Amino acid sequence: MARIKIAYIGGGSTRAPGTMVSFIHQGQNFLGSEIVLIDLDEERLALVKKLADKMIAVRGLDLRVSVTTRRRDGLRDCDAVLTSYRPGGFEARHLDESIPLKYGVIGQETQGPGGFFMALRSIAVMKEIIADVEAVCPKARVFNYTNPVNIVAEAVTHNSPVWFAAFCEGPLFFGHDFAEWIGLDRTRMDVAMIGLNHGSWSVRHTYDGQDFMPLLEHAYAARCRDTSLPAWKLRLMNLAVTMGALPAHYFQYYYFKEEILSELQAKPTTRAQDIMARVPDYWQHYREQAERDDPQLDPRRSRGGIHELELAIDAMDAIFNDRGEVLPVNVPNRGSISNLPDDRVVETQGYLDRHGITPLAMGPLPPQVLGLVEMLSEYQSLTAQAAWSGTKRDAVRALASNPLVFSLHKAQAIYDEMAAAHARYLPERLLR
Ligand code: G6P
C-alpha cells in the first residue's frame, strides 16, 4: 500500500468532514500515510481533525492527520495535493448568481458570468498554490476539485510543469440519472461521457448491454406531458431524445436559456443563499459528532452527503497503488476526443496507474452537439489565459465569447459591476 503525504487545501471547508469520511472509508489503501489539512480557519481545521482522529481511532487505522494555516509549510514534501476551495465563500457565489440576472443573463456557480468570476478568483489562488508546489513539492500530483474545474485545469496545464488533473463526479451520475427518472435501475447503466466538465455528452449509453436511447425515447413519449415530473427533468429528457445522447445536466442553461432565466429571476433566493441557510446546522452537527467516541455523519446534516470528493481519492488510490483503473478525468485531450484540440483540457475517460493518467481514445463528439462544446472550449481557453496572466481587455473578450453572454455591451457592463464586487479577490491587472 502507498504510504504517502497528502495535503488537502480546503481541509477546513464545509465539505471537509465528508471528504475525511471518504478517505477513512478507503483508509486500508493508504496505511501509514499522513493527511495535512490546510485552510484559513484554525477553529474549523481543529474540528475536522478531531472528527477524523476519532474515526481513524475507532477503526484502528494507521493514518495521521495534521493541520496548518501555513500553506507552504503544509505542502512541503507532499506526494499528493487535493484542492477544493471557494475564494470568497458562498457570499461571493451569491454575487455570481445574482448580479448577471439584472442584465438578463443566467447567474450560475460554474456557467456564464458567475462561473467566469469564480474562475478568475479560483485561478488567482491556484497560481499561488502552484508556485508553492513548484517550490516545495515539485513532484507532487495535484488533484483538483476547485471550480470551474475545467478552466482551473486549463490555466495550470498551460502555465506550469506540475502534474495536474481535475475531477468531478458529474459524469458518474448525469447519465445514470436518466434511468432513475424513467423508473429503471441506475446500477444497470453503463455510460461514458466526453466533452468538457459540466459540458459533456454520452458516447456510450447502455442498459443491461442494450442501447439505452430507445428506452428513454419510449418513456419520454409516454410521459412528456406528465406534470408530476419536474420541468427540468422533462427538459433534459427532451434534449437527450432530440440529440440522441445523454447530456450533462448543465446543458439545460443553454438549450432552455429563456425558461431558466425567468425561473431564476422569479426565485426569491439564490442557490448560495439556500446553502448558507444550512451551513450553521452542518457545523453544529459536526461539532456534536466530534464529541462522540465514534462520530457518525448524517448525510442530511452534512454538506454534499458523506462521501465527498470520493473520485479524487479513487484516483489517488489508482495511481499510488498502481491499480490500472478507468475513471472520468479532466486532463489535456492528447487525441482522446478526436474533434477537440489536443492541448485543451477535456472531460474524458482516463486510464490510471503508477504512470499517472492516460486519456483513452473515445472518438469524436457528434456534429449536432459539437458546435456549442467548441464555443465553450474556446471560452475556457480564453478565460484560463486571462485569469492566469491577462489584462482586463483579455477578460472582457473571454466573457463576451461565453455563449450565455454573447453581447459586448452586456459583457462590459457585467464585467465592471462584478469585478468591482469581487475586487479584493482579483489581481490588479484585471481591474484596470
Ligand atoms: C455538482 C457539481 C459541482 C458543483 C455542485 C453544486 O456536484 O459537479 O461542480 O459545485 O454540484 O452543488 P451545490 O450544492 O453547491 O449547489
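Both counts, for ligands and for their atoms, begin at 1 and track the order of listing. The residues of the chain are indexed from 1 along the displayed sequence. Computed from a predicted model, the values in this text were never measured in an experiment.
Classified by interplanar angle (parallel below 30°, tilted 30° to 60°, perpendicular above 60°), the ring pair W232/W181 is perpendicular.
The side-chain contact (heavy atoms from CB on, under 4.5 Å) with Q111 is formed by just one residue from the set D96, L404, I106, N402; it is L404.
Neither side chain, Y250 nor E109, offers a donor N or O lying under 3.5 Å from an acceptor on the other.
The nearest pair of heavy atoms linking R334 to P359 is NH2-CD, 3.6 Å.
In this view, P427 and A124, R429, L430 satisfy the side chain to side chain contact (heavy atoms under 4.5 Å, CB included) rule, not counting sequence neighbours.
By the 4.0 Å N-to-carboxylate-O rule, D274 lies close enough to K267 to be salt-bridged with it.
Contacts of ligand 1 (protein heavy-atom distance under 4.0 Å) are R15, R93, E109, N147, C168, H198, Y250, R271, I275, R303.
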